[in-house]
Amino acid sequence: MAQGYVGDVAIQEDDVKLGARQYSPFLDQSYPNRVFWGDTHLHTSYSTDAGMIGNTLGPDEAFRFARGEKVRASMGEYAQLIRPLDFLVVADHAENLGLAPMIAESNPGLLANDWGRKLHDMVKGGDPIAAYIEWGAALNEAVDMIQDDTLQRTMWNRIVDSAERHNAPGVFSAIHGFEWSSGPDANNLHRVVMFRDDADRVEGLVPFSTYNSTDPEDLWDWMEAYEADTGGRVMAFAHNGNLSNGLMFDDVRMNGEPIDIAYAERRTRWEPLYEVTQIKGDGETHPALSPNDEFADYYTWDRGNFGTELKTPDMLPREYARQALARGLKYEAEIGANPFKFGLIGATDSHTSLATTREDNFFGKASIVEPGTGAARYKDFIVQPVILGEDIAIRHYETLASGLAAAWARENTREAIWDAFKRKEVYATTGSRITVRVFAGWDFEAGEVHRPDFAETGYARGVPMGGDLFAGPEGAAPTLMIRALRDPDGANLDRIQVVKGWVGADGEPQTKVFDVAWSGDRALGADGKLPPVGSTVQGADFTNTIGAAALGGHWVDPEFDPAQRAYYYVRVLEIPTPSWLAYDQAFYGNIDLPEDAVMAQQDRAYTSPIWYTPGS
């Protein structure tokens, strides 16, 4: 066999006839034709806030689990996914990365540091919680008591090596990344940093941490230097604006200066995506901001930040994706660039090393609340009050099993997944694997939604999610073609909606939700609202006797003004299904839950927007 020959399916150079008509119609197809599922925000025992409070599973176990293997969780229960994921980012916190494993192994480098030895001795002496509290106090002051780049580099390289062992191009993508955990005054400004590159570029790094800076602009400087030094590629995405108390999408920079075009362009360059849903509350919108949206109040966490300051109404518009996207349009009109032009993804932010997102397979936010841990699973604090009392606390029963990122690409490789993220051809779900595609153009006909070459038509005459529309033919309005298919192992679909944002004549951002396609024989009421789909939920059971397995929608913007900037994204809702609390109730028997515990919910998908800009 000649060297380089790849089986009987190899294409020989002489066989390629450029420009010639070929019988197979797919030879020249180049557009993304597959959806890949993954989690870009998973913590292992290498994150101190995981490893110091019960998580004993490292990156190897996290990758094995994501690839579909059965894994024994830290508290003793076995876990497995119904289907493997396609990609995973182990995004451990950069701050004192690997502290818990170093304590467990009595790492000599750690023991050479007085403070490191103190924490080590506390843990080994049987008081790990006291050690964790002491570490947390230093973190809150952004003081690194260890300050050892060699240790950080060593632990980072272990994670890199684990990803290299589990990466299998074409089968599973183990993507390099970490979390920068900025939290000034307990306000969440965290970002996950995700690399396109292999070990030859990322090995030997010292991940940028909040000890270096709490300002996102300094993180961007670090990313820019990485690309300049290595020739690699890197991006970041923020999460949990609902815990930022108005700082995530603020009107000013952290240094107090106003947002200008340079800031807007840099933010869009380095942060093309936003993690809109995850375990710590959904971040699409808030009921106070979207009072006419009956689905706006979905696992709303709006009491305050991480325990030190209560929420006030003026903070809300600067915390949620729908309003930030609309405010970005206003900025673009005023300064010439959009600082909040981001696509949407979901992730778990699980600290158990287990990327579980189904309601019937929920292993919790932290190992100490895994299945089988008793009352702590429901009553343990996720946001613990620091100075204000119980009114700001969030307990584990209020978490949701969200979420997942879906990427449209042609192949499952680090590069192809990263590129899909970069061009924003990605979307979020709250945990189920709903397949969604949307294209926007100017001349799509209603019947084209049902064409077998739906995607080819969409790419040929329109733009996909994450794309840009510019001025169309006179008299035309943006037209969306949408397809949605239920999770094959999940619930039927309730409806497809389009969320539109624009800047009104008064210069203020506006948003509106349109029902586009729905199951059954329901009709819009006089108020323009669609009646509920109903519910088959009984305890931990439901049936797919309502809803639809697939929905298709053709929508023309009925309120289009060609002079107004606008964005459009698609929200797809499933029929009601039991929550993880209902599954727990059925499995464990009578568990004591508060009256506001959510026992049934509707999983959903949010696509990245498509933006319309007036002009050529």
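Fair warning: this is a prediction, and the values are worked out from it, not measured in the lab. Positions are given from 1, in the same order as the sequence printed here.
The aromatic ring centroids of H93 and H351 lie less than 6.0 Å from each other. Aromatic rings from W418 and F237 are positioned such that their centres are separated by 6.0 Å or more. The distance between the ring centers of H166 and F63 falls below 6.0 angstrom. Between W220 and Y263, the ring center distance clears the sub-6.0 Å criterion. F342 and F249 have their aromatic ring centers within a separation under 6.0 angstrom.
Although no hydrogens or angles enter the test, the distance criterion places a donor-acceptor pair under 3.5 Å between the side chain of N167 and the main chain of A174. The backbone N or O of A288 sits less than 3.5 Å from a side-chain atom of H286, completing a donor-acceptor pair.
No side-chain donor-acceptor contact under 3.5 Å links D349 and H239. Side-chain atoms of N212 and W222 include no donor-acceptor pair closer than 3.5 Å. For the residue pair T348/D39, the side-chain donor-acceptor check at 3.5 Å is satisfied.
More than 12 heavy atoms of other residues, nucleotides or ligands lie within 6.0 Å of CG in D161, so this atom counts as buried by the packing criterion. Counting non-hydrogen atoms of other residues, nucleotides and ligands closer than 6.0 Å to NZ of K124 gives a total above 12.
Taking a cutoff of 4.0 Å between a charged side-chain nitrogen and a carboxylate oxygen, R269 and E227 qualify as a salt bridge. Electrostatic pairing of R318 and D250 counts as a salt bridge here, judged by a charged N lying under 4.0 Å from a carboxylate O. Using a 4.0 Å cut-off between a side-chain N of Lys or Arg and a carboxylate O of Asp or Glu, E284 and R604 do not qualify as a salt bridge.
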Taking only distance into account, with no hydrogens and no angle test, what donor-acceptor pairs under 3.5 Å do side-chain atoms of residues 229-236 form with protein atoms, sequence neighbours excluded?
unit_1 : atom_1 : unit_2 : atom_2 : d
T230   : OG1    : Y226   : O      : 2.8
T230   : OG1    : G232   : N      : 3.0

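Atom CG of L57 and atom CZ of R72 lie 11.0 Å apart (nearest 0.5 Å). Atom-to-atom distance recorded for M52:CE and L119:CG is 5.5 Å, nearest 0.5 angstrom. How far OG1 of T352 is from CZ of F362: 8.5 Å, rounded to the nearest 0.5 Å.
Results of the side-chain contact (heavy atoms from CB on, under 4.5 Å) test with N107 over T154, N113, L151, L99 single out L151 as the only residue that passes.
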